[in-house]
Amino acid sequence: MDIKEQLKIIKRKTVEVIKEEELLDLLKTGKPLRVKLGIDASGPDIHLGFAVVLRKLREFQDLGHKAVLIVGDFTGKIGDPSGRSKTRPQLTDEEIKKNIKKYSYQIFKILNPDRTEFRCNSEWLDKLTAADIVNLSSKYTVARMLERDDFSIRYKKNKPIAIHELLYSLFQAYDSISIKADVELGGTDQTFNFVTARDIQREFGQQPQVVITMPLLEGLDGKLKMSKSYNNYIGISEPPKEIYGKIMSLPDNLIMRYYELTTDLGNGELKKIRNRLKSGENPRNLKASLAYRVVSMYHSEKEAKAAGEEFTRIFKKKGLPEEIPIHKVKAKKIWIVKLLTEAGLASSNSEARRLINQGGVTVDGGKLTDESYELEIKKEVIIKAGKRKFAKVIPS
RNA sequence: GGGGAGGUACCCAAGUGGCCAAAGGGGGCAGACUGUAAAUCUGUUGGCGAAGCCUUCGGAGGUUCAAAUCCUCCCCUCCCCA
C-alpha cells in the first residue's frame, strides 16, 4: 500500500504522533514495524476505553506490522512494596500465567494472533543488577520526572511520591529498549512515559520510538476516563445485555464521542448521526443503535438483537427478563427481608429493609411496603428489587 | 537529627469528652418524572428480625460513668530547618 495512504490510516482518530516524519521514514523502509503496547499483569477486564488503543493496534497489524504486547509482570510480581496502592497486589507466576490467558481470550477478539508477540518484562528486568539500575537512573533527573503531570500535581499538593514510582517510569522505558520498539501506542495519559522512553533510548544508542497517543474514552459517569478503578467501565467480554444496558445508561452528551471512539464508522456516517441528533431525533434511538453495534462487535448481531429486545421489554414495557435467576426456598413461610438477602437481591438485611421502605420491592408485580411481611411459599413467585434485579422464588 | 502540621466511613472532608453510626460534598442505591439504566427532583447510604445491642474515626494500651475527641507508646504522610 502507498505510504501516504498508510500514514493516513495510522493517523485516523489519534491525538498525537511524535514525530510524524520519523514514522514516515520508518514506513518507507517497508519493514514490518514493532509496535509496543504495555498491558497490566493483574489481568483486569478489557474495556471499551482500552479497546480504542487495541483497535488502533489492529490497524497496524492489518498494514503488516507486528504488535508486541508487554505484560508488566515484573511490577506485578513485586506489587507495590510500600503497600500504598491496593490496586497493585503481589502476583505469583501462576496467577500471571492465568491472567495472560484470560487476557488473550479478550485481546484476540480484536487483535490478529498471527501478528502478535506476547512478552513479559520480567524477562529482562529480572536480570538488571543494582549497577544497571543505577546506570539507568543516572540517565534522567528528578526535575524532569516531576514535569509529569501526575507527579507534579501530587508534589504540589504535598502528596507522597515514592521513589519506586519514579523507577517504574524508567523501567517502562527500558522495556522499549529491550524489545526494540519502533512505535509505542497508548492513551494520552501515557504520553510522559512514552516520551521519556525516547530520551532513554537515545541514551542507549537506540533509535527513539515513535509515540502515538489515542484519546481517553470517558466512562459511564461521563466525567472521568474509563477505568476499572473508577468502576465506570464497559468490559468487552461482559454479557451482551450488560454491554447493551450500560451503553443505554450513557449520558446523552457522550453519544457522539462513543460513536467516534468505539465504532469503526467513517466520517461520512458519523456526520449523518450527528445531524440526526441535531435535528431532534430521540437520543434513545441513537443510543440503541450504538449499543447494537458495540454488542455485535464483541459478541454477535444475533445476541445484540436479543439484548435490545430484552432492554425494551424490561425498561420500556417494565416487563420481565427472559431468564430470571431461580431461588429455592424450603420453608413454607419466609420473612421477606431474609428472602431478599438470601436470593442475592440485597447485600444485607439492612439494605433489604431500605429497599422495601423505599418502595423498590414488588412481589408478582405488587408493591410491598411492610418490612416484616412473611411471604408464604406455595407457588412460584417473582420478586423484583429495584429496576434491574429479579428472582424467581420457587418452593422446594 | 531538630521543629511544625496531619491520618475520620467507598472517596474528599467537618467534628477536639456525652446531643456521634459521626455535618457537608462526591459516588452508590431507591422513588418520582421520562425518551432510557439520559437529564432533573426527592429520599436513602455500617451490621444484627422491635426496644436495644455489636463493630467502626492510623495501631496498641490507659484515664473516665462516658473517648473520634484526654494521656502514654508505636506506625505512616507532608512541610520547614540541618
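Predicted model only: the values in this text are computed from it and were never measured. We name chains A, B, ... by the order of the sequence lines, and we start the count at 1 in each one.
The nearest whole Å value for the distance from the CG atom in A:Leu290 to the C1' atom in B:U36 is 13 Å. Atom-to-atom, CG of A:Leu220 to P of B:G27 comes out at 14 Å; the value is rounded to the nearest Å. Taking atom CZ of residue A:Phe315 and atom P of nucleotide B:G31, one finds them 11 Å apart after rounding to whole Å. Separating the CG atom of A:Leu254 from the P atom of B:A37 is a distance of 18 Å, rounded to the nearest angstrom. Between the P atom of B:G28 and the NZ atom of A:Lys246 lies a distance of 12 Å, rounded to the nearest Å. The distance from atom CG of A:Asn232 to atom C1' of B:C10 is 14 Å, rounded to the nearest whole Å. A:Tyr373 has its OH atom 20 Å from the P atom of B:A50, to the nearest Å. A straight line from NZ of A:Lys223 to P of B:G26 spans 9 Å, rounded to a whole angstrom.
For B:G27, its base never sits under 3.5 Å from the side chain of A:Asp221 at any donor and acceptor pair. Side chain A:Gln358 to base B:G31: no donor-acceptor pair is found below 3.5 Å. The base of B:G35 lies outside donor-acceptor range of the side chain of A:Glu281, with no N or O pair under 3.5 Å.
The aromatic ring of A:Trp335 stacks onto the base of B:G49, its centre lying under 5.5 Å from the centre of the six-membered base ring with the two planes under 30° apart.
Considering only the side chain of A:Arg353, B:G49 comes nearest among B:U36, B:G49, B:G43. Comparing B:G31, B:G47, B:U36 by their closest approach to the side chain of A:Ser348 singles out B:G47.
At a threshold of 4.0 angstrom between heavy atoms, the contacts of A:Asn349 are confined to the sugar-phosphate backbone, with no base atom among them. Within the nucleic acid shown, A:Gly386 comes within 4.0 Å of sugar-phosphate atoms alone, with no base atom in reach, counting heavy atoms only. In this structure, A:Pro283 reaches the bases: a heavy-atom distance under 4.0 Å links it to at least one base atom across the strands shown.
Residue A:Lys316 has a polar side-chain atom (N or O) positioned under 4.0 Å from OP1 or OP2 of B:U36. Side-chain nitrogen and oxygen atoms of A:Ser350 include none within less than 4.0 Å of the OP1 or OP2 phosphate oxygen of B:U45. Residue A:Arg284 places at least one side-chain N or O closer than 4.0 Å to OP1 or OP2 of B:U36. Side-chain nitrogen and oxygen atoms of A:Lys367 include none within less than 4.0 Å of the OP1 or OP2 phosphate oxygen of B:G31. Within the structure, every side-chain polar atom (N or O) of A:Arg388 is placed at least 4.0 Å from both OP1 and OP2 of B:U36. When the side-chain nitrogen and oxygen atoms of A:Arg354 are compared with OP1 and OP2 of B:G47, one or more of them lie within a distance under 4.0 Å.
Checking A:Asn193 against A:Thr196 by side-chain atom types alone, no donor-acceptor pair falls below 3.5 Å.
Judged by closest nucleotide on RNA chain B, A:Glu371 is the one of A:Asn158 and A:Glu371 placed further toward the 5' end. Judged by closest nucleotide on RNA chain B, A:Gly360 is the one of A:Gly360 and A:Tyr155 placed further toward the 5' end.
Under a 3.5 Å cut-off, the side chain of A:Arg154 and the backbone N or O of A:Pro160 do form a donor-acceptor pair. When atom types are taken as modelled, the side chain of A:Gln106 and the backbone of A:Ile46 share a donor-acceptor pair closer than 3.5 angstrom.
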CA sep, side-chain torsions, deciding dist, call: A:Tyr174, A:Leu128, side-chain contact (heavy atoms from CB on, under 4.5 Å): CA-CA 10 Å; A:Tyr174 195 75; A:Leu128 292 180; 3.6 Å; yes
A:Arg198 and A:Ser176: side-chain hydrogen bond (donor to acceptor under 3.5 Å, both in side chains), yes or no, with the steps? CA-CA 9 Å; A:Arg198 283 171 59 88; A:Ser176 290; over 6 Å; no
Could you walk me through whether A:Glu371 and A:Asn357 pass the side-chain hydrogen bond (donor to acceptor under 3.5 Å, both in side chains) test, one step at a time? CA-CA 7 Å; A:Glu371 62 169 58; A:Asn357 289 329; 3.0 Å; yes
